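Residue numbers count from 1 along this sequence. In this text, all values refer to a predicted model and were calculated from it rather than measured experimentally.
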Amino acid sequence: MARGKLRIHLGAAPGVGKTYAMLSEAHRRVGRGTDCVVAFVEHHGRPRTEVMLHGLEQVPRRELEYRGALFPEMDLDAVLARRPQVALVDELAHTNVPGSRNAKRWQDVEELLAAGIDVVSTVNIQHLESLGDVVESITGVRQQETVPDEVVRRADQVELVDMTPEALRRRMAHGNVYQPDKVDAALSNYFRPGNLTALRELALLWVADRVDAYLTQYRSEHRVSRIWGSRERIVVGLTGGPEGRTLIRRGARLAEKGAGGEVLAVYIARSDGLTSASPKELALQRTLVEDLGGTFHHVVGDDIPAALLAFARGVNATQIVLGSSRRKTWQYIFGPGVGATVARDSGPDLDVHIVTHGQVAKGRGLPVARDARLGRSRRVWGWIAGVAGPPLLAALLSAVDLGLANDMLLFLALTVASALLGGLLPALASAAVGSLLLNYFYTPPLHRWTIADPKNIVAIVIFVAVGVAVASVVDLAARRTHQAARLRAESEILSFLAGNVLRGETGLEELLERVRETFGMESAALLERASDVEPWTCAGRVGRGRPVERPDQADVDMPVGDHMALALTGRVLPAEDRRVLAAFAAQAAVVLDRSRLQEEADRARTLAEGNRIRTALLAAVSHDLRTPLAGIKAAVTSLRSEDVEWSEEDRAELLEGIEEGADRLDHLVGNLLDMSRLQTGTVTPLIREIDLDEVVPMALGGVPEGSACLDVPETLPMVAVDPGLLERAVANLVENAVKYSPSGAPVLVAASALADRVELRVVDRGPGVPDEAKDRIFEPFQRHGDAPRGAGVGLGLAVARGFAEAMGGTLNAEDTPGGGLTMVLSLRAAASLPEPHPTAEPERQAS
């Protein structure tokens with residue numbers, strides 16, 4: 001069955017019109033004859049949105065009961081049974097009520113897509129999981145409901161529903177988003193112009209990145225090599241010289257002139273090794289470009305201008321920044337230089353900036369770079385000198401009689417020149433042609449292929465031998481130079497690879513991307529299998545080339561052991577490059593093993609932590625459970641004894657002892673269960689609006705009368721909490737404070753509002769806690785000072801902080817002025833919630 005398609009309407013904040021746009025799309029599809037139903041859409045009391053539901057088939061919702069209240073949820077089974085072509089599912093990041101099949105609505109959507117049903121949904125930018133910290137730093141509100149970025153990125157279409165902050169605030173003021181009694185609080189808190197502007201920028205940049213990724217994929221699939229200047233990308237070419245830092249800063253300034261500009265610094269290591277690259281300087285330049293928000297790339301290429309242009313076109317760059325040449329004037333006789341060549345070959349779609357610097361024309365410090373392989377142009381000139389040179393020389397000498405010795409020296413010089421230019425074969429050709437011409441034109445008998453004088457035979461043989469010897473020496477020197485250059489290039493790459501390991505860049509995908517960039521391939525993948533009969537699986541892959549399922553499908557495959565291989569697509573690598581590739585492959589296998597070992601270590605650490613907690617739990621409760629149980633047992637044994645006639649007062653006292661012991665057991669077991677839930681991460685609170693004066697008084701029911709006084713004003717704003725968890729947290733705080741307060745000094749429980757928070761303070765006059773121990777008292781199984789073992793297992797404060805953080809609040813300890821300890825429980829005010837009806841859409845539900 002074909003998987004359904006997902007379309008998401010993405011907005012910067014509630015109220016921009018995502019649901020309205022989704023319903024408008026539904027009406028368009030219904031008008032075209034598409035079978036479209038409303039699986040779940042929440043109009044939040046907005047009249048214009050509610051009107052858009054008219055004329056659309058709605059699947060009845062399923063109501064689930066939780067903590068005495070009914071919550072409507074999408075009936076997933078009903079939608080699957082109805083099986084429409086398109087289903088509308090609002091609020092992708094919504095958390096389902098406990099008792100639902102899935103914990104999150106996006107998981108429901110995944111089931112619909114797997115069933116072949118197209119889905120249209122909505123989500124706000126603040127609900128993306130990766131942006132949680134950024135949104136909290138902007139708005140001060142931590143989003144409890146999130147959706148993994150990958151779910152949104154996998155969507156077939158993402159449509160941005162945009163609105164200016166001023167227009168959204170006008171909608172708010174007119175009552176088109178929230179209820180009138182919440183408008184003022186919303187406009188002054190979450191919907192401030194600065195917040196909305198920042199959220200809007202996040203949404204625009206996120207969509208732009210996704211569009212850019214799609215564009216890159218499209219260009220790769222359609223093999224588009226021409227640059228499309230849809231976004232400013234500045235490639236800075238580095239040589240490893242001191243001018244690199246100037247070029248990087250200039251590139252960063254160019255990128256700042258355009259929104260969303262990127263800087264990509266690239267160092268191209270050529271195989272001849274004749275470049276003045278300083279490893280220390282490259283490391284400094286890498287740090288600089290990363291500090292400026294750019295990326296550093298290391299590429300190997302024999303032809304630096306071609307490699308630089310290929311890299312720039314591969315990343316769809318719009319500008320290249322190069323430094324003015326450091327070569328001296330006389331060195332330009334060997335060629336125009338990298339900058340001039342790049343500018344000449346860049347074409348009309350790629351701008352080249354030549355930046356002056358303090359090292360211009362001061363020399364490279366190394367010989368002029370030449371092709372260690374006696375490149376194509378040198379070989380062509382060698383053959384011209386070796387084949388066409390001797391006849392031209394013979395034609396010139398026909399007009400001048402210099403004698404046989406001088407003629408032979410001139411032909412020998414031409415042979416040496418052919419060897420220097422083209423290597424062994426052109427020199428051999430020059431020696432052969434030259435010897436024939438010497439025999440025919442200059443040795444008696446003339447114009448005949450015979451030699452009369454034996455001395456001339458010796459001369460010609462020596463001439464050929466010298467030519468061959470010189471050509472052999474030149475060719476050997478060229479091969480040795482090439483080998484040295486290759487070894488230097490390989491050492492640079494391996495040093496760079498080792499540096500990545502030392503810097504902690506050990507991610508498999510990062511390493512594969514380095515492999516792909518270094519060898520100029522389309523894709524790189526690490527394949528593995530459990531045994532020779534098992535199919536290959538992909539452990540990691542980067543690039544946009546064709547997918548590779550087996551090593552033999554790749555252009556280049558490098559085995560790593562018996563059951564692992566590095567597979568590359570794009571071109572066939574020469575054999576001499578496979579040595580470096582083998583080092584990369586071995587490192588990739590090490591990285592994969594290390595990541596798996598790290599995962600196993602994390603699991604072992606989790607198990608060890610669990611064992612530690614269980615050991616501490618057993619050690620801590622051994623006495624605390626035994627004491628109340630012993631008291632209960634003694635009291636029950638006494639009551640059942642037939643030897644003693646108990647009075648009514650004695651019987652009542654024994655029963656009271658049993659009740660107190662049972663209460664202590666109940667409290668102890670409750671804390672243990674709560675701590676267990678916190679440790680396993682199963683506490684998912686049901687956030688809703690409530691007044692503190694409805695919860696806090698109930699939390700004081702477990703302390704002796706008169707040991708605590710309450711000061712909670714009725715004018716406080718409502719808080720966004722789970723009432724059950726809040727009651728338990730406050731009860732633990734008050735019980736702890738009463739335990740350490742001196743007789744006659746009741747604990748004060750007071751509440752006040754501060755900005756978009758409500759603070760609840762539990763103040764005692766006990767001995768207090770030193771500053772260095774304030775954080776430690778919130779750890780499990782911790783008792784401060786000389787607290788007796790019977791005072792509890794030390795879980796009350798740990799449970800209270802865990803519940804507070806689960807509700808999006810904080811719990812901290814402060815000194816009480818005049819002596820004692822104050823516990824400060826900070827909670828979110830309900831007005832700071834981004835959604836209008838938290839009771840209809842709980843942020844998290846308790847299990």
Can you check whether [X] reaches [Y] side chain to side chain, under 4.5 Å on heavy atoms?
X      : Y      : result
Pro391 : Val433 : yes
Leu131 : Ile125 : yes
Thr318 : Asp351 : no
Pro551 : Pro559 : no
Leu350 : Leu309 : yes
Arg200 : Thr164 : yes
Val236 : Val263 : yes
Thr341 : Ile304 : no

Looking at [Y], is its backbone amide N or carbonyl O close enough to the side chain of [X] to form a donor-acceptor pair, meaning the two atoms are under 3.5 Å apart?
X      : Y      : answer
Asp156 : Arg7   : no
Gln553 : Glu549 : yes
Thr569 : Glu522 : no
Arg516 : Met521 : yes
Arg286 : Ala265 : no
Asp149 : Ser130 : yes
Thr537 : Glu528 : yes

> Does the side chain to side chain contact (heavy atoms under 4.5 Å, CB included) test come out yes or no for Leu282 and Gln285, once each step is laid out?
Replying inline: CA-CA 5 Å; Leu282 279 178; Gln285 293 172 14; 4.1 Å; yes
Would you compute the distance between atom [atom1] of [X] and atom [atom2] of [Y] and round it to the nearest 0.5 angstrom?
X      : Y      : atom1 : atom2 : value
Leu322 : Glu243 : CG    : CD    : 10.0 Å
Leu160 : Trp206 : CG    : CH2   : 10.5 Å
Ile354 : Leu247 : CD1   : CG    : 9.5 Å

> Residues two or more places apart in sequence or in another chain: which of them pass side chain to side chain donor-acceptor pair (under 3.5 Å) with Ser418?
Replying inline: none
> Among all residues two or more places apart in sequence or in another chain, which pass the side chain to side chain donor-acceptor pair (under 3.5 Å) test with Thr246?
Replying inline: none
All side-chain contact (heavy atoms from CB on, under 4.5 Å) counterparts of [X], not counting sequence neighbours:
X      : value
Ala417 : none
Arg249 : Arg245, Arg253, Leu288
Ala429 : Trp383, Val387

Using every non-hydrogen atom in the two residues, find where [X] and [Y] come nearest and quote the distance to one decimal.
X      : Y      : result
Gly11  : Val16  : CA-CG2, 3.9 Å
Leu527 : Ala567 : CD1-CB, 4.2 Å
Ala588 : Leu526 : O-CD2, 3.9 Å
Leu568 : Ala554 : O-CB, 3.4 Å
Val542 : Glu509 : CG1-O, 3.5 Å
Gly543 : Arg541 : O-NH1, 3.6 Å

> What residues form a salt bridge (charged side-chain N to carboxylate O under 4.0 Å, His left out) with Arg250, not counting sequence neighbours?
Replying inline: none
> side chain to side chain contact (heavy atoms under 4.5 Å, CB included) between Ile320 and Leu308: does it pass, once the steps are laid out?
Replying inline: CA-CA 9 Å; Ile320 295 180; Leu308 183 61; 4.3 Å; yes
> His297 and Tyr267: aromatic ring centres closer than 6.0 Å?
Replying inline: no
> Passes side chain to side chain contact (heavy atoms under 4.5 Å, CB included), Val134 versus Leu202? Steps please.
Replying inline: CA-CA 9 Å; Val134 179; Leu202 280 178; 4.0 Å; yes
> Does the pair Leu397 and Leu393 meet the rule for a side chain to side chain contact (heavy atoms under 4.5 Å, CB included), with working shown?
Replying inline: CA-CA 6 Å; Leu397 292 177; Leu393 180 60; 4.0 Å; yes
